[in-house]
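In what follows, every chain begins at residue 1, and chains take the letters A, B, ... in the order their sequences are listed.
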Amino acid sequence: MNNPPQFTPMNKYLSGEIRKVLISLKLDESLKVDEVQPKVEVPAAESHGDYSTNIAMVLSRKINKNPLEFAEELKMLLLQSDLKYVNTIEVVKPGFINFYLNTDWLYELCEYVLASGTKNVAKKDIGKNTKIQIEFVSANPTGPLHVGNGWWAAYGDSLARLLKRCGYNVVKEYYVNDTGGQIRVLGESILAAKNNLEAPENGYRGDYIDELAKDYRGPEDIYSAGKWAAELILENIKLTLLKMNVEFDSWYSQNYIEQGGATAETLEELSKLGLIYESDGATYLASEKLGDSRDRVLIKSNGDITYTFGDIAYHRDKFLKRKFDKVIDVFGADHHGQVATLKAAVKAFGIDETNLEIQIGQMISLVGAKMSKRSGNFVKLEDFLNEVGVDATRLMPLMNSIDQATVLDIDLVKSTSMENPVYYMQYAYARICSIEKRAKLLKDVISCNDEINLHLLSNYREISLLKVISEFEDVVLDAADSRKPHKITAWTKQLASSFHSFYHDCKVLDESEIELTRARLSLVKATKITLAVSLEILGVTLPEHM
RNA sequence: GCCUCCGUAGCUCAGCCGGACAGAGCAGCUGACUUCUAAUCAGUUGGUCGCAGGUUCGAAUCCUGCCGGGGGCGCCA
């Protein structure tokens, strides 16, 4: 097996060189230079160089030096240390050190991307095969998925793809709430509709209930009806998710948790820990002392177990039975209240609570109304997919941070769906495919055995495009680490933009400039590789023509 | 009342583990199609980063307090 190609990102390279210089200075020991990792970034303004560091200002305070003078000192030492790629170093007003580079590193980067291909580019093993579970959607099987569910489906699935890319062993799970009160209510709603009665209070209503009721042939028993309907609805949910390119690895049953011994075992363990007490005929978990805002009822006075209890047993199952190292739950903001309880429970089981990560997504609502299955006021994800398109639907939730609440104006979304950035990104891909297709026709003219001279890529557009590509790995790591796939979207838009500009200014296929053509084809290929990987993470398809 | 998310250009939002003149898309205005696909490109108008303090050489970014909006504070799930 060949080792994957290596390439040290420029910021890491410079940071390492600066660090060497700092260590050689033998500064005050209290500074612990070993721990200092100088931050080297691409400055916002091009007039501030290709890369820049604020290390002189950060350290000057601690060592009691004038930041400008210290920066100058570092600059001199850096110049003596024979840096690769660096043309000039400048020190600017408050104490920034700016680096101006030649473009050799960009050609090396390009070669690295080409050698890596889609399989290895931006594949960083920070996960070290950590077993991580992501639970998302987990919508009750009491009705079809609505648009809000679709948002978490896109988010969770892309987060999973991102973490896989970074070397995590990821399992995507959907917790199926196939028991309890809502299944009973679902059964009641079905039977009521079948017998042409009013839907029960707090019951489910809508066309899908009427249609299910029409087909129901089982006994007039609410549990039978509820269970039957939930199974059919779940099948429908699976199909809708597949249509959206979301495939779960695991469907885990609440009924299994509650009936399969998990709750009994959990209760026993919590009892042993002295965290259980009775009050008013109910069984309580003393979760307040573990950081919850109050104690929680696990078993109601009528003997039924609460949803919370099932959820606690479920999370115990995740960590202790199935041995996940890390669990990420993706919840809507309306479930925010569960966080403290679950964290408390996990702590009780002796698990580091930071291994339970709960991502709270703010609410997705319709103009003027909340989405709710019980009220029948919601837009079906299925319909949304059909009208807006799968790729646009898939990308929309990945454009913003999940901390941002979203109010959807369905008519506006429909009328502007063609403006969705997804087409902009895909169009870049289609253009690349088109170029490559034509390049094949010119094969005889273009091909030769000489090495490709990437140094011919010197145009401003070419350099800019290479610079965007150079940031891909960092973006992937940052997005995975911060659990923010929308950062991939932002970068991909930038890549597409840079490519479109390049496409406009630089004719790739030019029979009178064979060498340049070959160099540009390499750049196009590198763009294609990174674009393909980023779109794949976003769960968007790669059209070869549009 | 307590917890939590948000408040940045006309609109939708990036940026938020501190950095150099605050960014993008849409909308508006101007210009580019006998071209490797114009689903594109180039240019341009537009902002006291909710308000007030504080920390800092430096704050949209961190801290505190207000104001405004969303969500949550069940023996519902």
Taking rC51(B) as the reference, what is the distance to rC11(B) when you measure between their C1' atoms (whole Å, please)?
23 Å
Quick one: side-chain hydrogen bond (donor to acceptor under 3.5 Å, both in side chains) partners of Asp311(A), sequence neighbours excluded?
Gln338(A)
Under a 4.0 Å heavy-atom cutoff, the residues of residues 470-480 of chain A touching RNA chain B are none
Taking any heavy-atom pair under 4.0 Å as a contact, classify Gly337(A): base, sugar-phosphate, or nothing.
sugar-phosphate
Rounding to a whole Å, what distance do you find between Ile299(A):CD1 and rC75(B):C1'?
11 Å
Do the non-hydrogen side-chain atoms of Pro141(A) and Val176(A) ever get within less than 4.5 Å of each other?
yes
Separation of the C1' atoms in rU40(B) and rA77(B), to the nearest angstrom
50 Å
Residues 278-290 of chain A, side-chain donor-acceptor partners within the protein, below 3.5 Å, at least two apart:
{"from": "Glu278(A)", "atom 1": "OE2", "to": "Thr283(A)", "atom 2": "OG1", "distance (Å)": "3.1"}
{"from": "Ser287(A)", "atom 1": "OG", "to": "Asp292(A)", "atom 2": "OD2", "distance (Å)": "3.2"}
{"from": "Ser287(A)", "atom 1": "OG", "to": "Arg294(A)", "atom 2": "O", "distance (Å)": "2.9"}

Quick one: which protein N/O atoms are closer than 3.5 Å to N/O atoms of nucleotides 57-63 of chain B? Pair and distance per line, please.
{"from": "rC57(B)", "atom 1": "N4", "to": "Arg61(A)", "atom 2": "NH2", "distance (Å)": "2.6"}
{"from": "rG58(B)", "atom 1": "O6", "to": "Arg61(A)", "atom 2": "NH2", "distance (Å)": "3.4"}

Reckon Thr489(A) touches a base, only the sugar-phosphate, or nothing at all at heavy-atom distances under 4.0 Å?
nothing
When you compare the ring of Phe96(A) with the six-membered ring of rA20(B)'s base, are the centres less than 5.5 Å apart and the planes under 30° from each other?
yes
The single option from Val524(A), Ile435(A), Leu465(A), Ile432(A) that satisfies side chain to side chain contact (heavy atoms under 4.5 Å, CB included) with Tyr503(A) is Ile435(A)
Quantified in whole Å, what is the P atom distance between nucleotide rA60(B) and nucleotide rG50(B)?
10 Å
What residues form a side-chain hydrogen bond (donor to acceptor under 3.5 Å, both in side chains) with Ser47(A), not counting sequence neighbours?
none
Non-hydrogen side-chain atoms of Ser138(A) and Asn177(A) separated by less than 4.5 Å
no
Parallel, tilted or perpendicular, judged at 30° and 60°: which one describes the rings of Tyr256(A) and Tyr252(A)?
perpendicular
In whole angstrom, give me the gap between the P atoms of rC16(B) and rA27(B).
27 Å
With a non-hydrogen cut-off below 4.0 angstrom, is Asp280(A) in contact with a base, only sugar-phosphate, or nothing?
base
Between C1' on rC13(B) and CE on Met396(A), what's the gap in Å once rounded to a whole number?
14 Å
If we take the C1' atom in both rG25(B) and rG68(B), what is their distance in whole Å?
26 Å
Indicate for each nucleotide in nucleotides 34-45 of chain B, in 5' to 3' sequence, whether protein heavy atoms under 4.0 Å reach the base (B), only the sugar-phosphate (S), or nothing (-).
-SBBSBSSS---
Under-3.5 Å donor-acceptor pair between Ser52(A) side chain and rA20(B) base:
yes
Give each protein N/O atom lying under 3.5 Å from an N/O atom of nucleotides 3-7 of chain B, with the pair distance.
{"from": "rC5(B)", "atom 1": "O4'", "to": "Gln362(A)", "atom 2": "NE2", "distance (Å)": "3.4"}
{"from": "rC5(B)", "atom 1": "O2'", "to": "Asp403(A)", "atom 2": "O", "distance (Å)": "2.4"}

Between NZ of Lys484(A) and C1' of rC17(B) the distance, given in whole Å, is 12 Å
Rounded to whole Å, how long is the line connecting atom CE of Met399(A) with atom P of rA14(B)?
10 Å
Who pairs with Glu462(A) by side-chain hydrogen bond (donor to acceptor under 3.5 Å, both in side chains), at least two apart in sequence or on another chain?
Arg520(A)
Got a donor-acceptor contact below 3.5 angstrom from the Asp474(A) side chain to the Glu471(A) backbone?
no
Check for a donor-acceptor pair, side chain of Thr306(A) on one end and backbone N or O of Val297(A) on the other, with a separation under 3.5 Å.
yes
Paired with rC29(B): which nucleotide, if any, by Watson-Crick or G-U wobble criteria at under 3.5 Å for both distances?
rG43(B)
Just to be sure I understand the rule, does Ala44(A) reach a base, reach only the sugar-phosphate, or reach nothing, if contact means heavy atoms closer than 4.0 Å?
nothing
Does Lys493(A) reach a base, just sugar-phosphate, or nothing at all? Heavy atoms under 4.0 Å.
nothing
For the P atoms, the ones on rA32(B) and on rG71(B), what distance do you get once it is rounded to whole angstrom?
50 Å
Atom pairs and distances, donor-acceptor, side-chain atoms in residues 395-406 of chain A, under 3.5 Å, two or more places apart:
{"from": "Ser401(A)", "atom 1": "OG", "to": "Asp403(A)", "atom 2": "N", "distance (Å)": "2.9"}

Check whether any side-chain heavy atom of Gln254(A) lies under 4.5 Å from a side-chain heavy atom of Tyr314(A), and answer yes or no.
no
Would a distance-only check, ignoring hydrogens and angles, find a side-chain to backbone donor-acceptor pair under 3.5 Å from Ser498(A) to Leu495(A)?
no
Heavy atoms under 4.0 Å, any strand shown: does Ala490(A) hit a base, just sugar-phosphate, or nothing?
nothing
Could you tell me how far apart Gln338(A) (CD) and rA77(B) (C1') are, to the nearest whole angstrom?
8 Å
Value in whole Å for how far the C1' atom of rG15(B) lies from CD of Gln494(A):
12 Å
Could you work out the separation of rC13(B) and rG70(B) based on their P atoms and round it to a whole Å?
15 Å
Classify the angle between the aromatic ring planes of Tyr155(A) and Trp152(A) as parallel (below 30°), tilted (30 to 60°) or perpendicular (above 60°).
perpendicular
For rA24(B) versus rC67(B), give the span between their P atoms, rounded off to a whole number of Å.
35 Å
Could you tell me whether Lys318(A) and Glu135(A) have a side-chain N and a carboxylate O separated by less than 4.0 Å?
yes
Any donor-acceptor pair under 3.5 Å between the side chain of Asp334(A) and the base of rA77(B)?
no
State, to 0.1 Å, how close Val388(A) and Ser417(A) come at their nearest heavy-atom pair, and which atoms those are.
CG1-CB, 3.9 Å
Scan nucleotides 47-51 of chain B against the protein and return all N/O pairs shorter than 3.5 Å with their distances rounded to 0.1 Å.
none

Arg394(A) (side chain) donor-acceptor with Leu538(A) (main chain) under 3.5 angstrom
yes
Applying ring-ring contact (aromatic ring centres under 6.0 Å, His included) as the test, list every pair that has at least one member in residues 506-531 of chain A; sequence neighbours left out.
none
Whole angstrom value for the distance that separates P of rC73(B) from CG of Asp295(A):
17 Å
Of all residues at least two apart in sequence or in a different chain, which pass the side-chain hydrogen bond (donor to acceptor under 3.5 Å, both in side chains) check with Asp391(A)?
Gln426(A), Thr541(A)
Separation of rU12(B) atom P from Asn420(A) atom CG, nearest Å, is 17 Å
Can you tell which of rA20(B), rG15(B), rA77(B) lies closest to the side chain of Lys487(A)?
rG15(B)
Would you classify Pro43(A) as touching base, sugar-phosphate or nothing, given that sugar-phosphate means primed atoms plus P, OP1 and OP2, and contacts are heavy atoms under 4.0 Å?
base
When you measure from the side chain of Met363(A), which nucleotide among rC75(B), rA20(B), rG71(B) comes out closest?
rG71(B)
Touch check for His335(A), heavy atoms < 4.0 angstrom, all strands: base, sugar-phosphate only, or nothing?
base
